[in-house]
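Each remark here refers to the structure printed beneath this line.
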Amino acid sequence: MIPQHPGLKQAMAPGGSNRRPLTQIEVGRILNVGSAEAIISINKSVIRDNKLSIAQIGTMLKILTSDSIVVGMVSSLKIGSSDTEGMADGCHATLNILGEISTNATTRETKFNRGVRTFPVLGEAVYTMSATDLQIIFSKETSPCIEIGRLQQDNSIIANVRIDDMLSKHFAIIGSTGSGKSCTVALILQAILSASPAGHVVLFDPHNEYSKSFGDRAEVITGETLDLPLWMFDFVETVELLTSDIEDQAREEEEILNDVILMAKRLFDRSMAHNDTSAQVKLDDVEMELQRATHISLDSPVPYRIRDVVKLIDHEMGKLENSSNLQPYKRLKRRIQSLMADPRYAFIFRNQAKPRPLEETIGRIFRLPVNGKPISILDFSSIPSETLNIVVAVVSRLAFELATWSERKVPILLVCEEAHRYIPRDASQGFHATRRIISRIAKEGRKYGVSLGIISQRPSELEPSTLSQCSTIFSMRLSNEIDQNFVRAAVPDGAAELLTFLPSLGTAETMVFGEAVNLPMRVLLNNLPEEYRPHSSSASFTKLWARDTSTPEMMERVYASWKTRTHRDKSGGIAEPVFHSAPRAVAPNPAELTLAQRVAAAPSLQRPSHDAGPSKLNAIRNQPQSGREIKNLLNAAFHRET
């Protein structure tokens, strides 16, 4: 008969296909015990009756002591030594000791606690866990929790994760491609938003996977609707974007930017105060006035126009003291003009004539007020990778500053899908400003109310200190040994041995470690409804190769988009004009522009609107291109009054 510990009820799981036996099974006896693990000898009857599955890797077992129930998890199995009959048919299991279930003598409350006060002794019996024991460990929570699935050991037990512990100390979801990682991200975020409908979540979505996963609760911001003006960048981000890659040249250009950006801010502030436009002001007349405007500093969140920056660069080049070293000014001006002419950076130069207020831009991205949409999805599928890092850096820094200045009254969750792309292990890769702010949020974010969710299929390529700051880890199937070793070093609870079976995890199955759960647990995740599942990021080769889809009309649109670096909608219309809402005051270098961009700039041949079809595009392409016409076209494009 199995002993019953005083004050602890030994109940069984409810009926159905997962009904547990009415009596608990003695698995084995303790051969060796230490401070963190114990070696047990599996009973011959368990082996003879082919019941070794009750002690498989990852299974919770218990040891009854005089004061408590010690809980351990099987981490390894091996053949035992020869028995008295000379047969090597025994089996030994290693049990990681994780905590104990005890009853308070005063309150009579039974609960699970990490750590062990009373260790088992040699020869003590080891038993299977009852449903009530598992319920106490994994489902008996007093703090707010989300349900993510069912325990693999007994799927009658709900797997709960504590929300505050997961968010306040960051979390990571890692797993190989095809392991169900994207569905897990959607499942967890949906559960969080259901529990906290007034949350503030920003999801960086590089491949447009999640646009349908949250229905009407999401504000989807694409590259065509994103408005993140240059004046919202801090000086470090601006310098990294606008200056050269060569260190000595970048240092010279940084000194120039330090002066001209400060002057541009003061010039814009003056123009607003005098109700005029800065383009009509002669800099020589107001230079002394701008120098006296000390109430605006380099870090003041004051708008400025990029055309004023270029105008000030020209003004500085005209000064006598700078006449001997004009190359830094010319390089900086060319760089700015090149970015202005590049449609991939259109989100930086929108609304130059009348910049939107800070409140409007911040409010849309961070859902202030929520208005029934607690999550904003930044869809980067139309934004090249070189600009992705810029957006992540600026948005992350704005989140940190917003949380800081709101005195932790506006907690924000940043979810970084494919985080290895913009916080890589190699310090020479990526955007320095992105690494700097993500690293700071990982180390200090919990103090200010900024939480970080790291999503990656290649954790070994992530910046190590960032992953190590994630106190809760959802680890799905990982087949790469380097990735497994990297995660093993980051896993808390001293449960690294439990990662040995990560390659064998099934799809939609995960191991959860860390602060948000009482013990590491192997979970079968809940099914996500079909209509809320993320888009698959994989191309369907057999479907697309079943027939030839490369029609002349389709390829014409592809080549047109390729040449102009502008994404187009399915009807063939232009999804986003190069300068749809960003007037250009400065003439870019003609040698750096394609013919299509010159056509777009000409007043007589304006680029078609969003609903333009192939007929209008063909009309533009069929325009005569004689030498005189091209000359007139360039004159009209680059010398007209702005």
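In what follows, every heavy atom counts, from backbone to side chain, and hydrogens, waters and symmetry copies are set aside. For this chain, numbers begin at 1 and follow the sequence in order.
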Would you confirm whether [X], through its side chain, and [Y], through its main-chain N or O, come within 3.5 Å as a donor-acceptor pair?
X    : Y    : answer
T238 : D234 : yes
D205 : Y210 : yes
E219 : I375 : no
H170 : Q469 : no
K212 : E531 : no
S439 : R436 : no
R533 : S213 : no
S194 : Q190 : yes
S451 : L413 : no
S396 : I438 : no

If you measure only the distance, is there a donor-acceptor pair under 3.5 Å linking the side chains of [X] and [Y]?
X    : Y    : answer
Y448 : E407 : no
E417 : H207 : no
S176 : Q457 : no
H420 : S456 : yes
T466 : E463 : yes

Quiz item: Pick from L228, L241, D227: which one makes a side-chain contact (heavy atoms from CB on, under 4.5 Å) with I348?
Solution: L241
Does some side-chain heavy atom of [Y] sit less than 4.5 Å from a side-chain heavy atom of [X]?
X    : Y    : value
E444 : F400 : yes
P374 : H200 : no
L339 : F349 : yes
V309 : Y304 : yes
V220 : T222 : yes

Quiz prompt | Shortest non-hydrogen contact from A393 toward I437 | solution = O-CG2, 3.8 Å
Self-check item: Test salt bridge (charged side-chain N to carboxylate O under 4.0 Å, His left out) applied to D308 and K265, step by step
Solution: CA-CA 9 Å; D308 289 342; K265 288 185 175 184; over 6 Å; no
Practice problem: Please indicate whether D426 has more than 12 foreign heavy atoms, meaning atoms of other residues, nucleotides or ligands, lying under 6.0 Å from its CG. | Solution: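 Above 12, so yes.
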Quiz item: In terms of heavy-atom contacts, does CG of N258 have more than 12 from other residues, nucleotides or ligands at under 6.0 Å?
Solution: yes
Quiz item: Does the distance from a Lys or Arg side-chain N to an Asp or Glu carboxylate O, for R364 and E360, drop under 4.0 Å?
Solution: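 No.
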Quiz item: Passes salt bridge (charged side-chain N to carboxylate O under 4.0 Å, His left out), E553 versus R557? Steps please.
Solution: CA-CA 7 Å; E553 294 77 11; R557 293 194 297 270; over 6 Å; no
Practice problem: If the plane angle is over 60° it's perpendicular, under 30° parallel, otherwise tilted; pick one for F171 and F474. | Solution: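 Correct class here is perpendicular.
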